[in-house]
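Keep in mind that this is a model prediction, so the values were computed, not measured. Residue numbers start from 1 in every chain, and the chains themselves are labelled A, B, ... in the order their sequence lines are given, proteins ahead of strands. Only this structure's heavy atoms are used, side chains among them; waters, hydrogens and symmetry mates stay out.
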Amino acid sequence: MVDSVTRAPRFRFAPSPTGFFHVGGARTALHNWALAQRLGGTFVLRIEDTDEARNRPEWTQGIIDALAWIGISDEDPHFEGPHFQSEFANAHVAAAEQLYESGHAYYCDLSGEEVQQRAKDLGVTGYDGYSRDRGLGPGPGRVLRFRVPDGTTVVDDLVRGEVTFDNSTIEDFVLLRGNGTPVFILANVVDDIEMEISNVVRAEEHLPNTPKQQMLFEALGHEPPAWAHVPVLVNEQRKKLSKRRDKVAIEQYRDEGYLADAMVNYLMTLGWTLPGAEESGSEIAPWSEMAQAFRLEDVTHSPAFFDLQKLAAFNGDYIRSMPLDEFVAAASADLPPDWNRARFAEIAPHIQQRLVTMRDVPGTVDFLFLPDGAEIEYDEKSWDKAMKPDWAVALLRDVRGAYAALDAWDAAALKESIEATMATYEIKLGKAQAPVRVAVTGRSVGPPLFEAIEVLGRDEALRRIDLALGHLE
RNA sequence: GCCCCCAUCGUCUAGUGGCCUAGGACACCACCCUUUCAAGGUGGCGGCACGGGUUCGAAUCCCGUUGGGGGUGCCA
């Protein structure tokens, strides 16, 4: 029995630290994670550390934190790492030497400008293989280039099937720079070999580089990993999501009150559908279910638009399905410290089903937490519209009187009371509540009125109605 | 320029030659419910890029066109 057949698969996730974690990267991480969990394999985190990143350890930590947020925890037995590309620096150079000695690579003393000049003169694109047979040895300023063999390279991709590249379209690419340091493509392949990576699942933008890497694996005497290239995420212009134009930092969504579960669920629907989603009439499903069902063969081939509206819809759905105590706890964490938590807990069930993000919470209930004796800030449009009817002032007065005389102070009694009052004006509750709502909350929209007034308490409610009445005179 | 990938409602997708009068989700519209706003319910609008083949039969297979994207560094 051959070892490699029975060995558990190892998936590598290799983000480059740039100070934030890209939503596209998050989705790819999720793909790798689902596969590692379902197949009993390992998710290997490898940081493609650069000089700049090395000086900023917080960047790496940011990636680890973001991964943890979407449920990829470094505490999990399926998780390995982080590893750093720099750990294998010696192996990179050793591999380059091996390639040189086996004749798979050769040195070249042409500078970048000279290569370009030759290409121009010869009317070809890129490097023309000038030093292939010049027998140059290593030396300062000389780069090591890979001797691309004749023929074709077939990349067997789990998402796309076989992709064939004509080797004549691939130039003899650089392995070692003039200063002797390895370039990314070599480092990457060597890292994969060193870390015994069996599966590479990454974004489609890497597909054109894959034949080069595959040739490197072969020249180094190793089986290439199983490749899988998933489609990229795009913006409304159908361009690959970029930091400059688009909101791509996953940390930002976290800070804006999106729930990790909603984000994970939405990300997974891009390019893939959970079998059975159509029958159930919903794309909302727990991670455990998606991880068990995820298959690379089922991933779509075309780019997907990252749709904020749909994310928002998912988020609202997830907020609504939270157990009340969990919702209260989560929401309370981000409330101003001086807001009464018990009071918030009373109104919480009435706002939970009206939210898009958790960040909307304070703005929805802030009218309940005004300092003692504070003025009410009225929304101008709301005020004008609510107080315009000729019956508005009289009704407000009547309601004030009725509320002052009320025995029981609860939502039901509050509602009955206003219903009795409005009957004399022959208007419906929908209209009658408007002046009261604006007087008490300052706005025309918000949580259910009578529940809010109950929470507010009689003294404060009456004070606010008096305040409004005062403005109306 | 060259190479590679892609192409179903506005968006994300189901669909692997007959089950398709092309299904679902988000968005949008209408109605119902209703204490504002949501949520929920019901219904509606809306798509196989185009042209050739192959086949008894094509959204599905082949070729071409067009359109989009990505890659082409001594960046990662």
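The partner of rC28(B) is rG44(B), by the rule that a Watson-Crick or G-U pair needs both atom distances under 3.5 Å. rG1(B) is paired with rU72(B) under the Watson-Crick or G-U wobble criterion, all donor-acceptor distances under 3.5 Å.
In this structure, F306(A) places its CZ atom 22 Å from P of rG10(B), rounding to the nearest Å. Between D128(A) atom CG and rC2(B) atom P there is a gap of 19 Å when expressed in whole angstrom units. We find that OH of Y318(A) is positioned 13 Å from P of rC26(B), with the value rounded to whole Å. Atom CG of N315(A) and atom P of rC26(B) are 14 Å apart (whole Å). When the C1' atom of rA27(B) is taken as reference, atom CZ of F305(A) falls 11 Å away, rounded to whole Å.
With both ends at atom P, the span from rG41(B) to rU21(B) equals 29 Å, rounded to whole Å. Nucleotides rC12(B) and rG70(B) are separated by 15 Å at their P atoms, to the nearest Å. Comparing the C1' positions of rC9(B) and rA25(B) gives a spacing of 12 Å, expressed to the nearest Å.
Under the 3.5 Å distance criterion, the side-chain polar atoms of E451(A) are left unmatched by any main-chain donor or acceptor of I347(A).
Nucleic acid contact class of Y266(A) (heavy atoms, under 4.0 Å, all strands): none. Across all strands shown, V174(A) has heavy atoms under 4.0 Å from sugar-phosphate atoms exclusively, and none from any base. Among the heavy atoms of the strands lying under 4.0 Å from S16(A) are primed sugar atoms or P, OP1, OP2 only; no base atom is included. Note on T210(A): nothing from the nucleic acid sits closer than 4.0 angstrom, heavy atoms only. Using a 4.0 Å heavy-atom criterion, one finds that G316(A) contacts no nucleic acid atom at all.
Contacts of residues 388-402 of chain A with RNA chain B (heavy atom under 4.0 Å): none. Residues from residues 146-163 of chain A that place a heavy atom under 4.0 Å from any atom of RNA chain B, listed by number: R160(A), V163(A).
Relative to the six-membered ring of F450(A), K415(A) misses at least one condition, a distance below 6.0 Å or an angle of at most 45° to the axis. Remark: R443(A) is not positioned above the aromatic ring of F367(A), lacking an NZ or CZ atom under 6.0 angstrom from the ring centre and at most 45 degrees off the axis.
Distances shorter than 4.0 Å separate some side-chain N or O of R177(A) from OP1 or OP2 on rA76(B). Regarding contacts with the backbone of rC6(B), a side-chain N or O of H301(A) is found under 4.0 angstrom from either OP1 or OP2.
Between R464(A) and E460(A), at least one side-chain N (NZ, or NE/NH1/NH2) sits under 4.0 Å from a carboxylate O, which counts as a salt bridge. The pair D192(A)-R46(A) meets the salt-bridge criterion, since a charged nitrogen lies less than 4.0 angstrom from a carboxylate oxygen. Salt-bridge formation is detected for the pair R54(A)/D49(A): a Lys NZ or Arg NE/NH1/NH2 atom is positioned less than 4.0 Å from an Asp or Glu carboxylate oxygen. Salt-bridge formation is detected for the pair D109(A)/R134(A): a Lys NZ or Arg NE/NH1/NH2 atom is positioned less than 4.0 Å from an Asp or Glu carboxylate oxygen.
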Each nucleotide N or O in nucleotides 61-68 of chain B that has a protein N or O under 3.5 Å away: list the pair and distance.
none

Please tabulate, one pair per line, each protein N/O and nucleotide N/O from nucleotides 23-25 of chain B that are separated by under 3.5 Å, including the distance.
| unit_1 | atom_1 | unit_2 | atom_2 | d |
| --- | --- | --- | --- | --- |
| rG23(B) | O2' | E278(A) | OE2 | 2.6 |
| rG24(B) | N2 | E283(A) | OE2 | 2.8 |
| rA25(B) | O2' | E283(A) | OE1 | 3.4 |
| rA25(B) | N3 | K310(A) | NZ | 3.1 |

Atom pairs under 3.5 Å: protein N/O with N/O of nucleotides 40-45 of chain B:
none

Collect all protein-nucleotide pairs involving nucleotides 34-37 of chain B in which both atoms are nitrogen or oxygen and the distance is under 3.5 Å.
| unit_1 | atom_1 | unit_2 | atom_2 | d |
| --- | --- | --- | --- | --- |
| rU35(B) | OP1 | K415(A) | NZ | 3.4 |
| rU35(B) | O2 | L449(A) | N | 3.2 |
| rU35(B) | O4 | E451(A) | OE1 | 3.0 |
| rU35(B) | O4 | E451(A) | OE2 | 3.2 |
| rU36(B) | O4' | Q433(A) | NE2 | 2.9 |
| rU36(B) | O2' | S444(A) | O | 2.8 |
| rU36(B) | N1 | R437(A) | NH2 | 3.2 |
| rU36(B) | O2 | G446(A) | N | 2.9 |
| rU36(B) | O2 | G446(A) | O | 3.2 |
| rU36(B) | N3 | R437(A) | NH2 | 3.3 |
| rU36(B) | N3 | G446(A) | O | 2.5 |
| rU36(B) | O4 | R354(A) | NH1 | 3.3 |
| rU36(B) | O4 | P448(A) | N | 3.1 |
| rC37(B) | O2 | R354(A) | NH1 | 3.0 |
| rC37(B) | N3 | R354(A) | NH1 | 2.1 |
| rC37(B) | N4 | R354(A) | NH1 | 3.2 |

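Donor-acceptor pairing under 3.5 Å is lacking for the side chains of R437(A) and T441(A).
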